[in-house]
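In what follows, a single structure is set out as structure tokens and then discussed.
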Amino acid sequence: MPIPPDTATDATLLLPDWIIPVEPAATVLAGHGLALRGGRITAIAPHAELARRYPGAPARTLRGQVLIPGLVNLHAHAAMSLLRGAGDDLPLMTWLRERIWPLEGKLMSPEFVYDGSVLAFAEMLAGGVTCCADMYFHPDEVARAALAVGLRATVGMTVIDFPTPYASDADDYLAKGLAAREQFRDEPLLRFMFAPHAPYTVGDAALSRIGELAEELDVPIAIHLQETRDEVAEALARTGMRPTARLAALGLLSPRLIGVHAVHLDAADIALLAGHGAHVAHCPASNLKLASGLAPVGALLAAGVNVGIGTDGAASNNRLDLLGDTRLAALLAKGQSGDAAALPAHEALRAATLAGARALGRDDEIGSIEVGKRADLVSIRLDAAHQLPVFDAASHVVYAAGREDVEEVWIDGNSVAKKLQLIKSSSNRELNAILCRIQQWHHRAAAIISGTNPYFCRDEQQ
């Protein structure tokens, strides 16, 4: 029986050469398109069928392009884009103690967080990231920055036991985070999560309180977990437990928990994460750059752990390029495991989309191209010389394409970026105003670490 025409006049059709819906898994739809209405996907069908069902609807032909779900960056410190390149070629704890924490101690302010976050979110959005989980201070400013750019975000309510220019103790961090959540509770693009920094910077009392609040408020928890070998050794010496076991003892391991990095895991750690339904945010570029090691992604996936992908901050990655990090994750999983199928292309793309959405509890709305879901979409060109011929569109997205091939980005069905440029005039005005202030932030940071960073030229230190 033929499908009757849809009489709606407010639908829009997108007609790419391919669609990779992510769900069902390992599927590529050739010659199919989407109907969008009210910010959601209302139909997925062959081009000709969509034309029959939606006569008169405006149609965009995306020749040579593939549509994928918007990328989900499962871990970032957006404001640290203002520290891009300020602490290169250092191991994690040296990087933190001798470079990042001193810089943050003198630069931290609402203005620093807002400017850095807008800069980062604009970079992410242009490269196909439509949703980001962020962990930083001043969550109200992170939220404002996401709204200014038009990015979907899960904003972290950071908690550390020691004082910073932002807050004095764990109770103060919690109070300020919860106030920000209340302030932005009606913003449809925003959600919040608890973000205790790490087991070595947050004590048992605060972690237990966070677990209770997360259960009460039904929000995720993201925490840096077993990022380095030294972290695990120090935890054993101090508490007699590995950090993952300690989180389990405190009741934090659950489907709410996102273990960020999770590099130095043994079989017992992996079993705990899998048994409690916890998630992992894999940050391959940052882990390599800080020489932290290689996360056991193949073993995690084999155990049934949901693994998403994060860029981490620009201070430890230098690029907020989730598409590039997805390729890196797929290659590293093969090299580390000796199994070429440890993270195949379709699974890698799933990690960068639906797996991240699931970790954030947002997979009912985003992360895959399905009827009824939000129209958060990315089109990628696959018709350039460096991409032809196309045997498998998913393989090309992961292994051949780069963020420079991102043609257009939609959030809630609205085009927000095209050819690596933001579209909304208000977003561009905000970004341009911040770009005018970047040199001031640069000079302030350079003055703090003058004479210690070989990457600053002599003129920049004056």
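Residues: numbered from 1 along the sequence shown.
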TODO: Please lay out, stage by stage, how Thr164 and Met108 fare under the test side chain to side chain contact (heavy atoms under 4.5 Å, CB included).
DONE: CA-CA 8 Å; Thr164 65; Met108 181 58 58; 5.8 Å; no

Task: Pairs touching residues 205-232 that satisfy ring-ring contact (aromatic ring centres under 6.0 Å, His included), sequence neighbours left out - done: His75-His224, His77-His224, His197-His224, His224-His261

Task: Candidates Gln65, His386, Arg381 - the one meeting side-chain hydrogen bond (donor to acceptor under 3.5 Å, both in side chains) with Asp405 - done: His386

- [ ] Taking all non-hydrogen atoms of both residues into account, name the closest pair between Pro284 and Ile309 and its distance.
- [x] CD-CG2, 4.3 Å

Task: Point-to-point distance, once rounded to the nearest 0.5 Å, from CZ of Arg242 to CG of Asp269 - done: 4.0 Å

TODO: Determine, step by step, whether Val409 and Thr130 satisfy the side chain to side chain contact (heavy atoms under 4.5 Å, CB included) criterion, reporting the C-alpha distance in whole Å, the side-chain angles of both residues, the deciding distance to 0.1 Å, and the verdict.
DONE: CA-CA 8 Å; Val409 183; Thr130 57; 3.6 Å; yes

Open item on the list: Applying side chain to side chain contact (heavy atoms under 4.5 Å, CB included) to Ile411 and Leu189, what does each step give before you reach the verdict?
Closed with: CA-CA 10 Å; Ile411 291 180; Leu189 288 177; 4.0 Å; yes

- [ ] Assess whether salt bridge (charged side-chain N to carboxylate O under 4.0 Å, His left out) is satisfied between Lys373 and Glu23, documenting all intermediate values.
- [x] CA-CA 12 Å; Lys373 281 197 171 184; Glu23 187 62 41; over 6 Å; no

Task: Option from Val72, Leu71, Asn73 for which side-chain contact (heavy atoms from CB on, under 4.5 Å) with Cys131 holds - done: Val72

Open item on the list: Once rounded to the nearest 0.5 Å, what's the spacing between atom OG of Ser286 and atom CG of Leu92?
Closed with: 8.0 Å

Open item on the list: Counting neighbours of CZ on Arg229 that are heavy atoms of other residues, nucleotides or ligands and sit closer than 6.0 Å, is the number greater than 12?
Closed with: no

TODO: Quick one: pull up CD in Glu370 and CG in Asp364 and give me the separation to the nearest 0.5 Å.
DONE: 10.5 Å

Open item on the list: I'd like to know if Arg246 pairs up with Asp204 as an ion pair, taking the criterion as any Lys NZ or Arg NE/NH1/NH2 lying under 4.0 Å from an Asp or Glu carboxylate oxygen.
Closed with: yes

Open item on the list: Test your reading of the model: is there a side-chain donor-acceptor pair from Ser427 to the backbone of Ala148, 3.5 Å cut-off?
Closed with: yes

Task: Stacked cation flag Arg144 on Tyr114, 6.0 angstrom / 45 deg - done: yes

- [ ] Would you please test Glu408 and Arg60 for side chain to side chain contact (heavy atoms under 4.5 Å, CB included) and show each step?
- [x] CA-CA 12 Å; Glu408 194 163 359; Arg60 295 271 313 278; 2.6 Å; yes

TODO: Mind checking the CG-CZ spacing from Leu90 to Arg97? Nearest 0.5 Å is all I need.
DONE: 13.5 Å

TODO: Apply ring-ring contact (aromatic ring centres under 6.0 Å, His included) to Tyr166 and Tyr173, showing your working.
DONE: CA-CA 8 Å; Tyr166 167 60; Tyr173 286 99; 5.7 Å; yes

Task: Gap between atom SG of Cys283 and atom CG of Asp325 - 0.5 Å precision - done: 8.0 Å

Task: Gap between atom CG of Leu178 and atom CG of Leu217 - 0.5 Å precision - done: 6.5 Å

Open item on the list: Tell me whether Arg256 is salt-bridged to Glu215, with the criterion being a basic N under 4.0 Å from an acidic carboxylate O.
Closed with: yes

